[in-house]
Amino acid sequence: MTLQRKLRQLYQILLEQYGPQGWWPLSYSLTPQTKSVGESRYHPDIYSFPTNDWQKLEICLGAILTQNTNWKNAVKALNSLNFSRLTTLKKISKTKNSDLALAIRSAGYYNQKAKTIRNLTDLLNHHSFEELEKLPLRESRKIILNIKGIGPETADCILLYALKKETFVIDAYTKRILSYLGIVSEQEEYSSIKQLFESSLKNDLIIFQEYHALLVNHGKTYYSKRPYGIDDPILNDVASA
DNA sequence: AACCAGGACGTGA
DNA sequence: TCACGTCATGGT
């Protein structure tokens with residue numbers, strides 16, 4: 001089976017298994033009619049795109065806060081930011097790093113992440129979301145990647161979910177799953193794995209968003225304990241095929 | 001009680 | 001380039 005076929009089949013299997021994920025999950029900036037805190041929401045008609053700068057900022061903050069950190073801890077930090085009313089560019093810009101760090105304490109690495117959030121908001125004060133969205137992917141990606149504390153994965157999350165750019169996100173689970181399937185080696189480079197997906201799939205925003213979300217969802221369940229994937233009920237067939 | 005979590009960066013070789 | 005160490009709270 002060709003690589004392209006494998007990656008497309010994998011997507012179909014995961015989608016069939018779990019259904020649409022509706023990422024990125026929003027928390028404090030959920031609209032009133034949507035449901036509980038920290039969960040993704042999926043509407044077949046109104047897809048879960050961020051509709052305002054408030055939600056876009058929350059996606060950026062969440063992407064930073066969840067770096068090497070359980071999403072539940074990141075949500076606690078997001079709720080803490082909301083409680084302290086640190087939910088706008090203006091308010092965060094006026095807040096000292098030490099106070100910011102205190103508010104996001106539960107996400108871990110709080111000193112580093114406070115600085116990263118500072119670097120992000122400094123940039124957003126010069127380049128609005130609207131401006132960044134209009135730029136070609138390569139240019140906006142370069143700008144986001146230039147923020148200290150934001151590496152390839154966080155940058156791609158921001159681009160894919162907040163700026164709605166067609167870029168594929170590679171995370172630790174994706175690497176483990178592909179390595180379990182024998183498609184890549186344990187330590188394949190981020191950019192080359194990203195290329196595998198992007199060259200195998202239709203350049204479609206929703207597919208990129210859903211696929212990454214599905215991989216994380218599946219990875220959380222079967223690829224967090226060593227040996228990875230050994231109890232995976234649905235991919236063992238694909239692996240041996 | 002170790003181990004892991006939706007990473008990124010600095011350092012020395 | 002690459003192999004480590006560091007950052008840190010909270011779950012299981």
Side-chain angles (χ1 to χ4, degrees), chain A residues 10-11 14 18 20-27 37-41 48 50 58-81 83 97-98 100-120 123 141-162 167-180 185-194 197 208-232:
Chain A
L10 176 57
Y11 176 60
L14 294 174
Y18 300 107
Q21 301 298 297
W23 271 29
W24 187 273
L26 291 174
S27 164
V37 161
E39 293 186 6
S40 53
R41 59 206 170 93
S48 66
E58 187 193 323
I59 293 173
C60 297
L61 295 176
I64 292 169
L65 291 171
T66 197
Q67 288 173 347
N68 200 39
T69 298
N70 191 302
W71 175 246
K72 286 181 181 177
N73 286 359
V75 169
K76 285 182 183 177
L78 286 171
N79 288 335
S80 169
L81 287 171
F83 183 79
N97 281 15
S98 55
L100 206 51
L102 193 61
I104 63 171
R105 182 180 169 282
S106 58
Y109 307 121
Y110 46 81
N111 289 314
Q112 286 188 166
K113 287 175 180 176
K115 286 180 190 169
T116 304
I117 291 172
R118 168 77 54 229
N119 297 336
L120 169 81
L123 178 94
R141 190 170 194 270
K142 194 173 291 181
I143 292 174
I144 302 291
L145 262 179
N146 200 35
I147 300 171
K148 185 184 274 186
I150 294 186
E153 184 187 341
T154 308
D156 284 328
C157 282
I158 291 172
L159 289 161
L160 179 62
Y161 294 105
T167 188
F168 206 91
V169 180
I170 305 299
D171 63 292
Y173 291 129
T174 304
K175 287 181 190 167
R176 289 176 196 172
I177 291 171
L178 257 61
S179 134
Y180 181 74
S185 68
E186 297 275 348
Q187 44 186 355
E188 188 63 55
E189 267 188 48
Y190 183 96
S191 58
S192 67
I193 302 179
K194 176 181 166 67
F197 282 97
F208 283 14
Q209 292 183 333
E210 281 297 327
Y211 204 164
H212 169 239
L214 287 164
L215 285 165
V216 172
N217 188 36
H218 187 66
K220 272 181 185 170
T221 320
Y222 301 107
Y223 292 79
S224 44
K225 287 192 297 264
R226 295 174 187 273
Y228 301 133
I230 200 72
D231 294 321
D232 187 337

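A, B, ... follow the sequence lines: proteins, then strands. Residue 1 opens every chain. As the structure is a prediction and not an experimental result, all values here were calculated from the model.
- Nearest-nucleotide positions on DNA chain C place A/Thr69 closer to the 5' end than the other of A/Thr69 and A/Lys72.
- Distance noted for atom P between B/dG10 and C/dA8: 14 Å (whole Å).
- In this structure, CG of A/Asn79 is placed 14 Å from P of C/dG10, rounded to the nearest angstrom.
- A donor and an acceptor atom, one from each side chain of A/Thr174 and A/Asp171, are located under 3.5 Å apart.
- Between the CG atom of A/Asn70 and the P atom of C/dA8 there is a distance of 18 Å, rounded to whole Å.
- Side-chain contact between A/Glu153 and A/Ile170: absent, with no pair of heavy atoms (C-beta onward) separated by less than 4.5 Å.
- A distance-only check finds a donor-acceptor pair linking the side chain of A/Lys113 to the backbone of A/Ala107 [under 3.5 Å].
- In this structure, the CG atom of A/Asn119 is 10 Å from the P atom of B/dC9, given to the nearest Å.
- Among the heavy atoms of the strands lying under 4.0 Å from A/Gly151 are primed sugar atoms or P, OP1, OP2 only; no base atom is included.
- No side-chain heavy atom of A/Thr154 sits less than 4.5 Å from a side-chain heavy atom of A/Ile147.
- If you take atom P in B/dA1 and the same atom in C/dC7, they sit 23 Å apart, rounded to whole Å.
- We find that CD1 of A/Ile147 is positioned 10 Å from P of B/dC9, with the value rounded to whole Å.
- Contacts of A/Leu215 with the nucleic acid, taken as non-hydrogen atoms under 4.0 Å apart, are absent.
- Within 4.0 Å (heavy atoms only), A/Lys113 reaches no atom of the nucleic acid at all.
- Taking a 4.0 Å limit (strictly below) on heavy-atom distances, residues 219-228 of chain A reaches DNA chain B at A/Lys220, A/Ser224, A/Arg226.
- B/dG7 atom C1' lies 13 Å from atom CG of A/Asp156, rounded to whole Å.
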Table of protein N/O atoms under 3.5 Å from nucleotides 4-7 of chain C N/O atoms:
from  : atom 1 : to       : atom 2 : distance (Å)
C/dC7 : O2     : A/Gln112 : OE1    : 3.4
C/dC7 : O2     : A/Gln112 : NE2    : 3.1

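- Ring orientation note: the planes of A/Tyr11 and A/Tyr211 are tilted relative to one another, at an angle of 30° to 60°.
- Among the protein residues, A/Ala172 comes within range of the sugar-phosphate backbone only, with heavy atoms under 4.0 Å from sugar or phosphate atoms but none that close to a base.
- Listed candidates were B/dG7, C/dG11, C/dT9. Nearest to the side chain of A/Ser106 is C/dT9.
- A close approach under 4.0 Å does not occur between any side-chain nitrogen or oxygen of A/Thr66 and OP1 or OP2 of B/dA5.
- Side-chain contact check for A/Tyr173 versus A/Val216: some heavy-atom pair is nearer than 4.5 Å.
- In A/Lys115, the NZ atom is not crowded: 12 or fewer heavy atoms of neighbouring residues, nucleotides or ligands sit closer than 6.0 Å.
- Between the P atom of C/dA8 and the CG atom of A/Leu102 lies a distance of 13 Å, rounded to the nearest Å.
- When heavy atoms are screened at a 4.0 angstrom cut-off, A/Glu189 is found touching no nucleic acid atom at all.
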Check against side-chain hydrogen bond (donor to acceptor under 3.5 Å, both in side chains), A/Asn68 and A/Tyr109: CA-CA 9 Å; A/Asn68 200 39; A/Tyr109 307 121; 3.0 Å; yes
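- Side chain of A/Glu186 to main chain of A/Ser179: no donor-acceptor pair is present (N/O by atom type, distance under 3.5 Å, no hydrogens or angles).
- Separation of atoms CG (A/Asn79) and CD1 (A/Ile104) is listed at 14.0 Å; rounding is to 0.5 Å.
- No donor-acceptor pair under 3.5 Å is formed between the side chain of A/Gln209 and the backbone N or O of A/Gly22.
- Both tests do not hold together for A/Arg176 against A/Tyr223: distance to the six-membered ring centre under 6.0 Å, angle to the ring axis within 45°.
- Between the P atom of C/dC2 and the CD atom of A/Gln187 lies a distance of 8 Å, rounded to the nearest Å.
- Under the 30°/60° scheme for interplanar angles, the aromatic rings of A/His212 and A/Tyr161 are found to be tilted.
- Atom pair A/Lys148:NZ and B/dG10:C1' shows a separation of 10 Å (rounding to whole Å applied).
- Comparing A/Ala63 and A/Gly149 along DNA chain B, the residue whose closest nucleotide (by nearest heavy atom) sits nearer the 5' end is A/Ala63.
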Using Watson-Crick and G-U wobble pairs whose two distances are both under 3.5 Å, how do you write the pairing of DNA chain B as dot-bracket, with | for links to another strand? .|.||.|||||||
